[in-house]
Amino acid sequence: MIISWNTTNECNLRCRHCYRDARDRAQEELTTAEGLALIAEIARAGFKIMIFSGGEPLLRPDILALVEHAAKLGLKPVFGTNGTLLTKELAGRLKEAGARMMGISLDSVDPRRHDDWRGSPGAWRAAVEGMRICREAGLPFQINTTVVDWNFQEVEALTDFAVEQGAAAHHIFFLVPTGRAVNIEEESLRAEQYENLLRRILQKQQQVPIELKPTCAPQFMRIARQLGVKTRFSRGCLAGVAYCIIDPRGNVQPCAYLNIPLGNVREISFCELWRDNPVLKRLRSGAYRGACGSCEYRKICGGCRARAYFYSGDFMAEEPWCSYGRSQNEGRKAKE
């Protein structure tokens, strides 16, 4: 199981798509003591991978202590970072503390396009420098790309760049409109682009030695099955099933893009919340509506619950940009 903690809302970049609308440090962010206690609860709840994210997690002064605590409790500490603040000294200390993987964001092979998307001149150069620092420190890293209509043709080139840089993986995040991304909803991929890119990613996986992973695009499980491509993953959408996220103040929600508050760890223990919350129980039921409810791939896909919620207000509704679901609906209407 995987959990992500937005350790701070503070960030040195102004990314156009930020789901947390990160900028300044939020009032009443979890203290070091509260963070250490939370990490212990996360370990007790059975989670295995602990993602430290933000905002920019490297801006949190106690980040090394938090990582070390997670590692000592048997969690696998990994990062979601823009990579621009990495230094040789910091990379060495992160590795010593127990960090296992740095996920560094890179959204284009063109520095100008990346910098515009990330709202900061020089962000591309600094991120690539961060990769070099990780590589030389022996700290594994992967490249994370958020894909929209202007860069979806670049994905294979970014994968090749990841291989050249020595990355362990390339994870491709499909935009879900939340946070600042609601202002650029029109840039998100539609059904045909969505399906096309997933097939391209799975085909590219057969050509490169690193892991490629579509995220917030659970239909990749169905397409992998259809193409006969083997994958180590067993399910597409993990929201509330094997994944959740905690914001800087301790509020829990099923995933980064499904903005439904479940409770606060200052008021209820995380273990109890994860076990008993009714929203999580509904997500785990698999009782989806519409095309997702009747789809033969529903158990391995699950549809994007966050995308369903954004477009319909119902987190159990059908995935709106699934071409397979759309074809099911058309076939059903033709029989009526």
Side-chain angles (χ1 to χ4, degrees), residues 2 4 17 19 49 51 53 78 80 101 103-109 117 141-163 167-178 181 187-239 241-243 245 254-258 292 295 297-308 310 318-326:
I2 306 170
S4 181
H17 62 297
Y19 66 82
I49 299 175
I51 304 173
S53 64
V78 301
M101 181 73 71
I104 299 177
S105 298
L106 199 76
D107 303 298
S108 178
V109 291
W117 182 245
F141 70 93
Q142 67 183 46
I143 288 180
N144 294 338
T145 298
T146 296
V147 65
V148 286
D149 61 359
W150 61 263
N151 68 347
F152 90 112
Q153 294 291 8
E154 291 188 57
V155 170
E156 289 92 339
L158 280 159
T159 295
D160 291 336
F161 186 81
V163 173
H170 183 202
H171 286 202
I172 300 99
F173 291 74
F174 286 58
L175 183 77
V176 179
T178 187
E187 296 183 31
S188 62
L189 302 187
R190 279 8 188 198
E192 185 177 348
Q193 293 173 314
Y194 195 99
E195 184 91 1
N196 173 271
L197 180 54
L198 286 174
R199 289 180 177 274
R200 284 165 42 204
I201 292 169
L202 288 166
Q203 290 164 356
K204 185 68 173 177
Q205 179 65 91
Q206 309 307 301
Q207 304 166 13
V208 294
I210 66 173
E211 175 184 273
L212 305 186
K213 168 64 165 62
T215 300
C216 300
Q219 291 76 18
F220 86 92
M221 291 295 296
R222 182 252 305 165
I223 296 172
R225 182 73 60 85
Q226 291 172 330
L227 295 177
V229 176
K230 292 184 179 180
T231 173
R232 70 178 179 88
F233 305 102
S234 59
R235 181 180 169 85
C237 182
L238 302 179
V241 178
Y243 172 78
I245 193 167
C255 90
Y257 311 101
L258 182 51
C292 284
C295 180
Y297 297 102
R298 63 186 179 278
K299 291 184 178 180
I300 62 170
C301 173
C304 178
R305 298 298 98 214
R307 202 170 278 112
F310 176 81
E318 67 184 47
E319 158 74 65
W321 298 128
C322 175
S323 60
Y324 190 76
R326 289 187 170 199

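- Looking at residues two or more places apart in sequence or on another chain, you find no ring-ring contact (aromatic ring centres under 6.0 Å, His included) involving Phe152.
- Judged as a ring-ring contact (aromatic ring centres under 6.0 Å, His included), and not counting sequence neighbours, the contacts of His17 are Trp117.
- Remark: the Ser234 side chain and the Arg232 side chain contain no N/O donor-acceptor pair separated by less than 3.5 Å.
- Using modelled atom types, one side-chain atom of Arg235 and one backbone atom of Lys299 make a donor-acceptor pair closer than 3.5 Å.
- In summary, Glu195 and Arg222 engage in a salt bridge, as defined by a charged side-chain N under 4.0 Å from a carboxylate O.
- Looking only at distances, a side-chain donor or acceptor of Thr145 sits under 3.5 Å from a matching main-chain atom of Leu106.
- Paired with Tyr19 under the rule side-chain contact (heavy atoms from CB on, under 4.5 Å), one option of Leu175, Ile245, Val176 passes, and it is Ile245.
- Within the 3.5 Å criterion, the main-chain N or O of Thr146 finds a donor-acceptor partner in the side chain of Asn151.
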*Walk me through it: do Tyr194 and Glu319 pass the test side-chain contact (heavy atoms from CB on, under 4.5 Å)?*
CA-CA 12 Å; Tyr194 195 99; Glu319 158 74 65; 3.7 Å; yes
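- Checked by atom type and distance alone, the side chain of Arg307 never pairs as donor or acceptor with a backbone atom of Cys304 at under 3.5 Å.
- In this structure a side-chain-to-backbone donor-acceptor pair under 3.5 Å is present from Gln205 to Leu212.
- Although no hydrogens or angles enter the test, the distance criterion places no donor-acceptor pair under 3.5 Å between the side chain of Arg200 and the main chain of Leu202.
- Checked against the 6.0 Å centroid criterion, the rings of Tyr324 and Tyr297 qualify as a close aromatic pair.
- A side-chain donor from one of Thr159 and His170 sits under 3.5 Å from a side-chain acceptor of the other.
- Between the side chain of Asp149 and the main chain of Leu189, no donor-acceptor pair closer than 3.5 Å is present.
- A side-chain N or O of Asn144 and one of Gln142 form a donor-acceptor pair less than 3.5 Å apart.
- Under the ring-ring contact (aromatic ring centres under 6.0 Å, His included) criterion, Tyr243 pairs with no residue, sequence neighbours left out.
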